[in-house]
Amino acid sequence: MKATKINRTATRKANVLLVDDHPVMRHGLAQIIAREEDMAVCGEAASAAQAIDMVGQLAPDAVIVDITLEDGDGIELIKDIRARFENVKMLVSSMHDESLYAERALRAGAMGYISKEASREQFLEAIRQVLRGKICVSPAISNRLLKRVSGKSLEEDRSPIDSLSDRELTVFELIGQGMSTRQIAEKLFLSVKTIETYREHIKAKLNLRSSNELVRHAVQRQLETT
């Protein structure tokens, strides 16, 4: 009697790279993913520079990115990854205000945005949707995007902060965290003069008259969103 050959080839797991500047958060996400049969963590990075190196070395199927990193912000990292590795899928996982950052993340090249307050099941489903090539955002953001595409979004619904560029928004938030111009320049690897220019642009767009008013506005915004 001829023996039947049994195919024991296992389904390939999707490789996921975690990019977050909080070790505890990375560990928690890694533990959640490690229990799944269809995905595995292939690496962890705390900074944008580390992330770019690891994407090149590991060729992950998906990258989970936080907005705030040791050496900059996740939006700029997403743009960089999209420019260099166009096939890598990206999901933002953050505590930052979704209404302010989700659209920016999608425009930068991410395929989804999920809050760190989401449940384990929601988090895993978000990864799987992104791996399948689907956009994953909350119903509120989805509705907002549909309104904009259909031309039903009203200009008065937009916050003045929406007018800030991605880099200006990053500088604005760092001002709200109490960082000086020089500290911001060092963190973003930019010149002091460049940060001063961003500050002037922010003041003009938000109709703020002085540097003190800019700081007060930024701090107030930080308190409202944390």
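Because the structure is predicted, anything quoted here is derived from the model rather than measured. Residue numbers count from 1 along this sequence.
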[X]: which residues meet the salt bridge (Lys or Arg N to Asp or Glu O under 4.0 Å) condition with it, sequence neighbours left out?
| X | result |
| --- | --- |
| K79 | E76, D166 |
| R132 | E125 |
| R199 | none |
| D80 | R84 |

Checklist entry - Which heavy-atom pair separates A105 from V92 by the least distance, and what is that distance? => result CB-CG2, 3.8 Å
Next on the checklist: Testing the basics here: between G178 and Q183, what is the closest heavy-atom pair and its distance to 0.1 Å?
Outcome noted: O-OE1, 4.1 Å
Do the side chains of [Y] and [X] get nearer than 4.5 Å, heavy atoms only?
| X | Y | answer |
| --- | --- | --- |
| K187 | I195 | no |
| I75 | Y101 | yes |
| L208 | R216 | no |
| P60 | V55 | yes |

Checklist entry - Who pairs with E70 by side-chain hydrogen bond (donor to acceptor under 3.5 Å, both in side chains), at least two apart in sequence or on another chain? => result none
Checklist entry - With sequence neighbours excluded, what pairs up with Q122 under the side-chain hydrogen bond (donor to acceptor under 3.5 Å, both in side chains) test? => result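 Here the qualifying residues are S119.
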Checklist entry - Quick one: side chain to side chain donor-acceptor pair (under 3.5 Å) pairs with a partner in residues 43-55, sequence neighbours left out? => result R26-E44
With sequence neighbours left out, write down each residue that passes side chain to side chain contact (heavy atoms under 4.5 Å, CB included) with [X], or none if nothing qualifies.
| X | value |
| --- | --- |
| D61 | R12, A14, N15, L131 |
| N87 | none |
| L106 | I135, V137, L145 |
| R120 | I32, R35, E36, L124 |

Checklist entry - Under 3.5 Å, is there a donor-acceptor pair between the side chain of K205 and the main chain of S163? => result yes
Checklist entry - Is a side-chain N or O of Q57 found less than 3.5 angstrom from the main chain of M54, in a donor-acceptor match? => result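 No, the answer is negative, given that no donor and acceptor are paired below the 3.5 Å cut-off.
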Item to check | Straight-line distance of K116 NZ to M25 CE, nearest 0.5 Å | outcome: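 The CE atom of M25 is 4.5 Å from NZ of K116, to the nearest 0.5 Å.
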Checklist entry - So, T194 versus S191: side-chain donor-acceptor pair below 3.5 Å or not? => result yes
Item to check | Qualifying residue for side-chain contact (heavy atoms from CB on, under 4.5 Å) with Y198, from L164, V171, T170 | outcome: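 In the set L164, V171, T170, the residue that makes a side-chain contact (heavy atoms from CB on, under 4.5 Å) with Y198 is V171.
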Next on the checklist: One pair to check against salt bridge (charged side-chain N to carboxylate O under 4.0 Å, His left out): K193 and E196. What are the steps and the verdict?
Outcome noted: CA-CA 5 Å; K193 185 175 181 179; E196 289 174 345; over 6 Å; no
Checklist entry - By ring-ring contact (aromatic ring centres under 6.0 Å, His included), which residues pair with F123, not counting sequence neighbours? => result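 If we apply the ring-ring contact (aromatic ring centres under 6.0 Å, His included) test to F123, skipping adjacent residues, there are no hits.
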